[in-house]
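Structure record follows, encoded as structure tokens.
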There are 2 protein chains.
Amino acid sequence: MATELMAQEARALLQQAQGRVTPTRVEVLSILLGAKAALSHQEIEQLAVQQGYSFDRVTLYRTLDWLVEQGVAHKVNSADRAWRYNAQTETPHQHAHFHCRQCEQVFCLEQLQPALLVSLPAGYALEQVELNLHGYCPACSIKHAG
Amino acid sequence: MATELMAQEARALLQQAQGRVTPTRVEVLSILLGAKAALSHQEIEQLAVQQGYSFDRVTLYRTLDWLVEQGVAHKVNSADRAWRYNAQTETPHQHAHFHCRQCEQVFCLEQLQPALLVSLPAGYALEQVELNLHGYCPACSIKHAG
DNA sequence: CAATATTTTGCAACTATATTGCATTTTCCT
DNA sequence: AGGAAAATGCAATATAGTTGCAAAATATTG
């Protein structure tokens with residue numbers, strides 16, 4: 001597990017944020033940095049415990065909110081009514097999310113550009129485009145197809 | 001209020017569904033038919049009360065689920081972690097949703113085609129595309145701009 | 001039209017996610 | 001090291017949605 005590396009990167013990112021670099025924040029951000037998919041609060045809590053760290057649920061919520069506010073993480077709304085979070089290392093850009101129907105994980109697709117024909121009706125002020133793809137992720141596709 | 005017309009249309013649609021045409025179902029569907037935006041369970045309940053009709057929360061949830069199942073309504077996941085529903089009179093097609101940041105309403109944009117460049121990484125099995133646009137709806141844009 | 005079977009509804013209790021207020025602890029700065 | 005400000009933990013609460021079961025409504029059959 002490259003936990004220590006992630007922790008270092010996390011600390012570096014937090015250095016630039018408006019606020020304190022606390023163990024909880026380092027832990028949470030390094031978990032997000034090490035994840036391949038967007039994580040729910042529960043998944044994060046579990047991973048933290050696995051790494052010998054624990055914190056209150058409320059603290060986690062607040063930490064995640066703060067990370068989003070600071071621009072180092074972002075929030076995805078998934079079908080099971082739970083927010084999922086992942087680290088946002090690069091500049092905020094429009095990227096798509098792939099929601100797996102089997103394992104319910106949410107993957108960020110950085111390279112997918114929604115070259116959409118924005119022929120929005122008059123009057124709407126567009127601020128952000130959110131593209132969600134639903135289906136089966138590579139791992140689940142294999143199990144599915146057999 | 002064109003309630004009676006909506007109720008008639010609702011009854012016609014329900015006639016074709018697999019199940020009973022009950023007052024609750026007619027009421028809920030006609031509310032959805034009369035709405036310009038996707039409605040939350042709370043908004044539906046309120047509108048029903050305004051029209052002199054009331055039902056249990058659970059019944060509403062079940063009714064909405066059933067309407068979706070029957071293909072006469074569809075479900076949208078919005079930012080406030082509440083499902084929103086609207087009538088689906090036409091054939092199910094991929095359409096975009098506009099989420100207003102001010103009034104939190106969700107509008108269906110039937111005409112908007114997400115001509116997206118689907119260059120999905122290998123392994124992903126795409127089943128559905130969900131396009132959400134965030135910003136300010138016409139009514140709120142006006143208030144916003146002054 | 002009455003009896004019966006089936007579906008739908010209402011009630012109560014429950015689950016899960018998330019939030020709020022406040023006291024305590026930790027962190028940062030000098 | 002000391003003190004101000006920020007972060008955390010705990011308890012309580014809000015909100016969305018679900019489940020089981022009994023009662024009511026609707027449809028079906030004799």
Side-chain angles (χ1 to χ4, degrees), chain A residues 7 10-31 38-46 48-49 52-70 72-85 99 104-106, chain B residues 10-11 13-31 38-46 48-49 52-70 72-85 99 104-106:
Chain A
R11 257 184 290 268
L13 282 164
L14 293 178
Q15 228 63 261
Q16 300 164 347
Q18 194 117 30
R20 295 176 181 171
V21 182
T22 67
T24 305
R25 288 175 177 177
V26 173
E27 174 69 14
V28 172
L29 184 52
S30 69
I31 284 173
L39 305 177
S40 67
H41 74 108
Q42 254 193 351
E43 292 167 328
I44 296 168
E45 209 166 340
Q46 240 174 285
V49 170
Y53 199 98
S54 88
F55 32 66
D56 192 79
R57 246 173 47 257
V58 177
T59 301
L60 179 52
Y61 281 118
R62 285 197 272 231
T63 300
L64 289 167
D65 277 352
W66 181 84
L67 290 173
V68 170
E69 209 174 280
Q70 297 300 316
V72 290
H74 71 136
K75 229 179 170 179
V76 201
N77 197 351
S78 66
D80 59 354
R81 349 186 294 107
W83 293 108
R84 281 156 192 272
Y85 299 81
H99 301 249
E104 294 211 310
Q105 284 194 293
V106 179
Chain B
R11 258 185 288 268
L13 283 164
L14 293 177
Q15 228 61 261
Q16 298 165 347
Q18 195 117 30
R20 293 177 182 170
V21 181
T22 67
T24 305
R25 287 172 178 178
V26 172
E27 174 70 12
V28 172
L29 184 52
S30 70
I31 285 173
L39 304 177
S40 67
H41 74 107
Q42 255 193 352
E43 292 166 328
I44 295 168
E45 209 167 338
Q46 241 175 283
V49 169
Y53 199 98
S54 88
F55 32 67
D56 192 80
R57 244 174 50 257
V58 177
T59 302
L60 179 53
Y61 281 118
R62 286 196 272 231
T63 300
L64 289 167
D65 278 352
W66 180 85
L67 290 173
V68 170
E69 210 174 279
Q70 297 300 317
V72 290
H74 72 137
K75 229 180 171 178
V76 201
N77 198 350
S78 66
D80 59 355
R81 351 185 289 110
W83 293 107
R84 280 157 192 272
Y85 299 80
H99 301 249
E104 294 209 310
Q105 284 195 294
V106 179

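Only this structure's heavy atoms are used, side chains among them; waters, hydrogens and symmetry mates stay out. Numbers restart at 1 for each chain; the letters A, B, ... are given by sequence-line order, proteins then strands.
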Tabulate atom names and distances for all N/O pairs under 3.5 angstrom spanning the protein and nucleotides 22-26 of chain C.
none

Atom [atom1] of [X] and atom [atom2] of [Y]: how far apart are they, to the nearest 0.5 Å?
X: Glu45(B); Y: Tyr61(B); atom1: CD; atom2: OH; result: 8.0 Å
X: Arg57(B); Y: Ile44(B); atom1: CZ; atom2: CD1; result: 13.5 Å
X: Leu14(B); Y: Trp66(B); atom1: CG; atom2: CH2; result: 5.0 Å
X: Lys75(B); Y: Glu69(B); atom1: NZ; atom2: CD; result: 10.5 Å
X: Thr59(A); Y: Leu64(A); atom1: OG1; atom2: CG; result: 10.5 Å

The helix from dC1(C)-dG30(D) to dT30(C)-dA1(D): angle between end helix axes, five pairs per end, rounded to 10 degrees: 30°
Contact check, side chains of Glu104(A) and Ser78(A), non-hydrogen atoms, under 4.5 Å: no
Close side-chain approach of Leu29(B) and Tyr85(B), heavy atoms under 4.5 Å: no
Nucleotide interval of DNA chain D bounded by contacts with chain A (heavy-atom cut-off, under 4.0 Å): dA5(D) to dG17(D)
Gap between atoms [atom1] and [atom2], on [X] and [N] respectively (whole Å):
X: Leu14(B); N: dT8(C); atom1: CG; atom2: P; answer: 11 Å
X: Tyr53(B); N: dG10(C); atom1: OH; atom2: C1'; answer: 12 Å
X: Leu29(B); N: dT8(C); atom1: CG; atom2: P; answer: 15 Å
X: Glu45(A); N: dT17(C); atom1: CD; atom2: C1'; answer: 12 Å
X: Lys75(A); N: dT19(C); atom1: NZ; atom2: C1'; answer: 11 Å

Base, sugar-phosphate or nothing for [X]? Non-hydrogen atoms, less than 4.0 Å.
X: Arg57(B); result: base
X: Ser40(A); result: nothing
X: Trp83(A); result: sugar-phosphate

Under 4.0 angstrom between Tyr61(A) side-chain N/O and dA18(C) OP1 or OP2: yes
Closest heavy-atom pair and its distance - Tyr53(A), Thr24(A): OH-N, 3.1 Å
Quick check against the 3.5 Å criterion: does [X] have a side-chain atom that pairs as donor or acceptor with the backbone of [Y]?
X: Arg11(B); Y: Val21(B); answer: no
X: Gln70(A); Y: Gln18(A); answer: yes
X: Asn77(A); Y: Arg81(B); answer: no

Distance-only donor-acceptor test, Arg81(B) side-chain atoms vs dT17(C) base atoms, 3.5 Å: yes
Upstream residue (5' side of DNA chain D) when Asp65(B) and Gln18(A) are each assigned their closest nucleotide: Gln18(A)
